[in-house]
Amino acid sequence: SKGGIKMSDCLFCKIIDGSIPSLKVYEDEHVYAFMDIMPLTKGHTLLIPKTHCQDLFEMPEEVAANLYKVAPKIANAIKEAFNPIGMNTVNNNGAAAGQSVFHYHLHFIPRYDETDGLKVEWNSRQAEFPTEVIQSIAASIQENLK
């Protein structure tokens, strides 16, 4: 049991072990990629580690390395298949960030036009973060790197 959930109760662990069906597009000894059953756009794919990790916060480096080693392969296969004009990769960590399945998953969302259902707004709050504040924030992060 990790992250407050028994692996036997985890939707994505059940997809990996085959007890829940999925539309698999890729699998190796470390990762599993499959179609999102509630896709935002054509080709919306999920990539997950076979090791149960709730989120990026509890993901071991080796698990991350194995997952991201495959990420360009998945992205390029989607690009070749459907020729999107762009692609978002999205990962939500924690309920407050929009995570709903608590097994790490990376979304590959091909983009075709501005009306495809995904709107990412980035409203900079630069006025609240003058340079000296950002320097202090950087120092806090550096102090906490393990």
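I137 is listed as a side-chain neighbour of F129, based on a closest heavy-atom distance under 4.5 Å. In this structure, H103 and I16 have side chains that are in contact, with non-hydrogen atoms separated by less than 4.5 Å. Looking at heavy atoms from C-beta onward, L47 lies in side-chain contact with V31 at the 4.5 angstrom threshold. L67 places none of its side-chain heavy atoms less than 4.5 Å from the side chain of V63.
Under the ring-ring contact (aromatic ring centres under 6.0 Å, His included) criterion, Y32 pairs with F34, sequence neighbours left out. Legend: residues meeting side-chain hydrogen bond (donor to acceptor under 3.5 Å, both in side chains) with E128, ordered by chain and number and at least two apart, are R125. Annotation: side chain to side chain contact (heavy atoms under 4.5 Å, CB included) contacts of D113 (sequence neighbours excluded): T115, D116. Taking S19 as the reference, D17 meet the side-chain hydrogen bond (donor to acceptor under 3.5 Å, both in side chains) condition, with sequence neighbours excluded. Under the rule for a ring-ring contact (aromatic ring centres under 6.0 Å, His included), the partners of H107 that lie at least two apart in sequence or sit in another chain are H44, H105.
Between S140 atom OG and L145 atom CG the span is 11.0 Å, to the nearest 0.5 Å. To the nearest 0.5 Å, the span separating CG on L106 from CG on N91 amounts to 6.0 Å. Atom-to-atom distance recorded for Q54:CD and Q99:CD is 6.0 Å, nearest 0.5 angstrom. Here the straight-line distance linking atom CZ of F108 with atom CG of L40 works out to 15.0 Å at 0.5 Å rounding. Distance check: S22 OG to F12 CZ gives 10.0 Å after rounding to the nearest 0.5 Å. Between the CG atom of N66 and the CD atom of E29 there is a distance of 7.5 Å, given to the nearest 0.5 Å.
The minimum heavy-atom distance between H52 and E58, with the atom names listed, is O-OE2, 4.2 Å. Contact detail for E121 and N123: the closest heavy-atom pair is OE1-ND2, 3.4 Å. Closest of all the heavy-atom pairs between I48 and Y104 is CG2-O, 3.4 Å.
By the neighbour-count criterion of 12 heavy atoms within 6.0 Å, atom CD of E62 is sparsely surrounded, having that number or fewer from other residues, nucleotides or ligands. More than 12 heavy atoms of other residues, nucleotides or ligands lie within 6.0 Å of CD in E132, so this atom counts as buried by the packing criterion.
Under the 3.5 Å distance criterion, the side-chain polar atoms of Y26 are left unmatched by any main-chain donor or acceptor of V70. Looking only at distances, no side-chain donor or acceptor of K42 sits under 3.5 Å from a matching main-chain atom of P110. T41 contributes no side-chain N or O that, together with a main-chain N or O of I109, makes up a donor-acceptor pair within less than 3.5 Å. For N93 (side chain) and L56 (main-chain N/O), a donor-acceptor pair under 3.5 Å exists by modelled atom type.
Connection of V101 to I37 is not established within any shared hydrophobic cluster, with ILVMFWY side chains joined at heavy-atom distances below 4.5 Å, either directly or through further cluster members. Hydrophobic clustering (side-chain heavy atoms under 4.5 Å, transitive across Ile, Leu, Val, Met, Phe, Trp, Tyr) keeps M59 apart from F57.
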Can you list, pair by pair, the side-chain donor-acceptor contacts under 3.5 Å of residues 71-90, counting residues two or more places apart and other chains?
| unit_1 | atom_1 | unit_2 | atom_2 | d |
| --- | --- | --- | --- | --- |
| N76 | ND2 | P72 | O | 2.9 |
| N88 | OD1 | R111 | NH1 | 2.7 |

